[in-house]
Amino acid sequence: MIAVRFGACLVSAALIVGACGGDDDDTSNVTVPAESPTTTSTTVATTTTTEDPKVAVEQAFFAKWDAYVEVGANPDPANPLVEDVFTGPAKQAFLDAISRLNREGNGVRRPSDSSRFVLRVNEIRIVSESEAVVFECSLDGLEIFDLATGEVKSNSVDEVASRNILRLVDGVWKVEDIRDLEPGDPTCDDF
C-alpha cells in the first residue's frame with residue numbers, strides 16, 4: 001500500500017507473515033461514531049477485570065484506534081498511550097509512523113463525515129490465556145493535516161482488513177502485531 005495514511009501506514013508497516021491458531025467463532029459488528037475532528041480521547045489501557053476476556057480484548061482493539069487519533073493529533077512518541085496500548089512489532093511500527101508524521105510536520109484527526117471512519121470487528125478469537133486475535137474490517141478515513149496550517153493533506157478512505165494480535169502484558173491487553181488476513185480468516189465482503 002502506497003497511501004500516506006496514518007492508520008493504513010501503521011497497518012502496512014506492521015504486516016508480518018505468520019499464523020495464529022484459535023477456534024472461537026463469536027462475531028461482533030461494531031460501528032464507532034465519529035467525534036468532532038478536534039476531539040481527543042482519554043481512553044486508557046484495558047485491564048482484565050471483566051469475566052469475559054473478549055470484552056477486554058475488544059476494548060483494547062478500539063484503544064488502538066483511539067491512540068492513532070490522540071497521539072496522531074499531536075505526534076509525540078513519549079505519549080503514555082504508546083506504552084499503554086502497544087507492544088512488540090506494533091509498538092515499533094506505531095513509533096515509526098509517529099516519527100514520520102513529525103518529520104513531515106503532519107498530524108491525524110477524525111473526518112467530519114462519520115461514514116469515512118467506521119471500525120468493525122468481524123471476529124475475536126481467544127488463542128490462549130495471554131494471546132487473542134481481533135479480525136478487523138474497517139474504513140480508515142482519518143485525515144492527515146499540516147500541523148502548522150491545519151490544511152488537509154490527505155483525506156482518502158482506505159479499507160483495513162487485518163488480524164490484530166493482542167498480548168496480555170502485566171494484566172493489560174495490548175496490540176502486539178498487525179497482519180494481513182490469511183486464507184480461512186473472516187472476510188470483508190461488505191466494503
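Here, residue 1 is the first one in the sequence, and each next residue gets the next number.
The pair R125-E123 meets the salt-bridge criterion, since a charged nitrogen lies less than 4.0 angstrom from a carboxylate oxygen. A salt bridge does not link K64 to D66: none of the charged nitrogens lies less than 4.0 Å from a carboxylate oxygen. A salt bridge links E104 to R100: at least one charged side-chain nitrogen sits closer than 4.0 Å to a carboxylate oxygen.
Contact annotation: the side chain of K54 approaches that of I126 to within less than 4.5 Å [non-hydrogen atoms, C-beta and beyond].
In this structure, SG in C188 is found 7.5 Å from CD in E159, a value given to the nearest 0.5 Å. Atom CD of E151 sits about 13.0 Å away from atom CD1 of I144, to the nearest 0.5 Å. With rounding to the nearest 0.5 Å, the separation of CZ in F61 from CD1 in I178 is 9.0 Å. Considering OG of S138 and CG of D158, their distance stands at 11.5 Å, rounded to 0.5 Å. Atom CD1 in I165 sits 7.5 Å away from atom CD in E176 (nearest 0.5 Å). Atoms NZ and NZ, on K91 and K174 in that order, are 7.0 Å from each other to the nearest 0.5 Å.
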From CA spacing to verdict: side chain to side chain contact (heavy atoms under 4.5 Å, CB included), L142, V69: CA-CA 8 Å; L142 293 176; V69 174; 3.7 Å; yes
Decide yes or no on side chain to side chain contact (heavy atoms under 4.5 Å, CB included) for L168 and E129, but give the supporting numbers first. CA-CA 8 Å; L168 190 62; E129 289 182 5; 5.9 Å; no
Before giving the answer on side chain to side chain contact (heavy atoms under 4.5 Å, CB included), spell out for V175 and R167 the whole-Å C-alpha distance, their side-chain angles and the decisive distance to 0.1 Å. CA-CA 6 Å; V175 178; R167 177 80 46 207; over 6 Å; no
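A donor-acceptor contact closer than 3.5 angstrom links the side chains of E136 and W65.
Two different hydrophobic clusters hold V169 and I124 under the rule that ILVMFWY side chains link at heavy-atom gaps under 4.5 Å.
A search for salt bridge (charged side-chain N to carboxylate O under 4.0 Å, His left out) contacts involving D76 returns nothing, not counting sequence neighbours. Taking S99 as the reference, R103 meet the side chain to side chain contact (heavy atoms under 4.5 Å, CB included) condition, with sequence neighbours excluded. The side chain to side chain donor-acceptor pair (under 3.5 Å) search around N79 returns none, not counting sequence neighbours. With sequence neighbours excluded, the residues satisfying side chain to side chain contact (heavy atoms under 4.5 Å, CB included) with P77 are L95, I98, N102.
Here the closest non-hydrogen pair linking G141 and F117 is N-CD1, 4.0 Å. The nearest pair of heavy atoms linking L101 to P75 is CB-CG, 3.8 Å. Closest approach of V57 to L166, counting heavy atoms only: O-CD2, 3.8 Å. Taking all atoms of both residues into account, the shortest heavy-atom contact from V118 to S114 is CG2-O, 3.8 Å. The two residues W173 and A56 make their nearest non-hydrogen contact at CD1-CB, 3.7 Å. Nearest approach of A67 to L81, heavy atoms of both residues: CA-CD1, 4.0 Å.
Think of F145 as one node in a network of Ile, Leu, Val, Met, Phe, Trp and Tyr side chains linked at under 4.5 Å; its network also takes in L147.
S162 contributes no side-chain N or O that, together with a main-chain N or O of N164, makes up a donor-acceptor pair within less than 3.5 Å. Looking at N122, its side chain does come within 3.5 Å of a backbone N or O of T187 through a donor-acceptor pair.
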